[in-house]
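Please read these numbers as outputs of a predicted model, since none were measured by experiment.
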Amino acid sequence: MSQSTSASAAPKAAFESDPFAAAYPETREFWQAGAEGRFLLKVCDDCQRAHWYPRSMCPLCGSDKTRWVEASGRGKLYAFSAPAKAEPPYILAYVTLDEGPTIMTNIVDADAASLRIGQAVQVSMRAAAEGRMLPFFSPA
Ligand SMILES: [Zn+2]
């Protein structure tokens with residue numbers, strides 16, 4: 001019997017063979033964390049504000065002094081829409097994160113009729129159709 005001792009035998013995370021993720025190497029840390037179920041944001045060391053989506057330059061002040069931080073995962077429902085005839089059904093939403101940015105997302109594990117603007121929501125990292133792990137939200 002033989003056993004492989006090669007480190008390359010470890011299974012690749014889905015994002016590693018994803019052409020979209022590969023096209024933006026500056027977002028590798030985001031996809032890596034997502035594959036581990038963690039939600040990262042970029043924070044600017046010059047203006048001290050978080051921004052979304054992740055970029056190497058701060059869109060709020062133009063600084064290139066940005067760093068990754070793990071988001072709290074908490075936010076408030078800013079707006080949502082549930083198309084009545086969508087199949088499968090989904091709830092499109094904007095969520096304002098406790099860190100500041102408002103992000104487009106989907107609400108999961110919820111009935112649209114029970115949602116209220118301003119209610120607390122919590123992140124749930126899930127695989128999007130392409131396999132990349134993205135931040136979805138559910139009622140807190
Ligand atoms: Zn900034």
Taking a hydrophobic cluster as the set of Ile, Leu, Val, Met, Phe, Trp and Tyr residues connected by side-chain heavy atoms closer than 4.5 Å, whether directly or through intermediates, do [X] and [Y] fall within one such cluster?
X      : Y      : result
Phe137 : Tyr53  : yes
Ile107 : Met104 : no
Leu115 : Val123 : yes

Least distance between heavy atoms, [X] atom then [Y] atom:
X      : Y      : result
Phe20  : Arg132 : CB-NH2, 3.4 Å
Cys58  : Thr66  : N-CG2, 3.8 Å
Met125 : Met133 : O-CE, 3.6 Å
Ser72  : Asp98  : OG-CB, 3.9 Å
Asp109 : Pro139 : O-CD, 4.1 Å
Thr27  : Ala21  : OG1-O, 4.3 Å

Backbone of Pro135 reached by a side-chain donor or acceptor of Thr105 within 3.5 Å:
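The answer is yes, because a donor-acceptor pair under 3.5 Å joins these two groups.
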Return yes if some donor-acceptor pair links the side-chain N/O of Glu26 with the main-chain N/O of Arg55 below 3.5 Å, else return no.
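The answer is no, because no donor-acceptor pair under 3.5 Å joins these two groups.
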Report the residue from Arg49, His51, Met57, Glu29 that forms a side chain to side chain contact (heavy atoms under 4.5 Å, CB included) with Lys42.
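So, applying the side chain to side chain contact (heavy atoms under 4.5 Å, CB included) to Lys42 and each of Arg49, His51, Met57, Glu29, only His51 qualifies.
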What residue among Leu97, Thr96, Ile103 forms side chain to side chain contact (heavy atoms under 4.5 Å, CB included) with Tyr78?
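Looking at Leu97, Thr96, Ile103, the match for Tyr78 under the side chain to side chain contact (heavy atoms under 4.5 Å, CB included) is Thr96.
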Report yes or no: do Asp46 and Ser63 form a side-chain donor-acceptor pair below 3.5 Å?
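Their side chains do contain a donor-acceptor pair, which is all the 3.5 Å distance test asks for.
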Within the structure provided, determine whether Lys76 and Gln119 are in side-chain contact (heavy-atom separation under 4.5 Å).
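Heavy-atom side-chain distance check fails, nothing below 4.5 Å.
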Less than 4.5 Å apart, any side-chain heavy atom of Phe80 and any of Ile117?
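Side-chain contact under 4.5 Å: yes.
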Would you please test Trp52 and Phe39 for ring-ring contact (aromatic ring centres under 6.0 Å, His included) and show each step?
CA-CA 12 Å; Trp52 179 261; Phe39 176 30; 5.8 Å; yes
Mark yes when over 12 heavy atoms from residues, nucleotides or ligands other than Arg38 sit less than 6.0 Å from its CZ; otherwise mark no.
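Enclosed: over 12 neighbouring heavy atoms sit under 6.0 Å from CZ of Arg38.
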Check this for me: Tyr24, atom OH, are more than 12 non-hydrogen atoms of other residues, nucleotides or ligands nearer than 6.0 Å?
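No, not enclosed.
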With rounding to the nearest 0.5 angstrom, report the [atom1] to [atom2] distance, [X] to [Y].
X      : Y      : atom1 : atom2 : result
Ser124 : Leu134 : OG    : CG    : 11.5 Å
Phe30  : Leu41  : CZ    : CG    : 8.0 Å
Ile91  : Ser138 : CD1   : OG    : 10.5 Å

Taking it one step at a time, do Leu77 and Val95 satisfy side-chain contact (heavy atoms from CB on, under 4.5 Å)?
CA-CA 5 Å; Leu77 189 55; Val95 165; 4.3 Å; yes
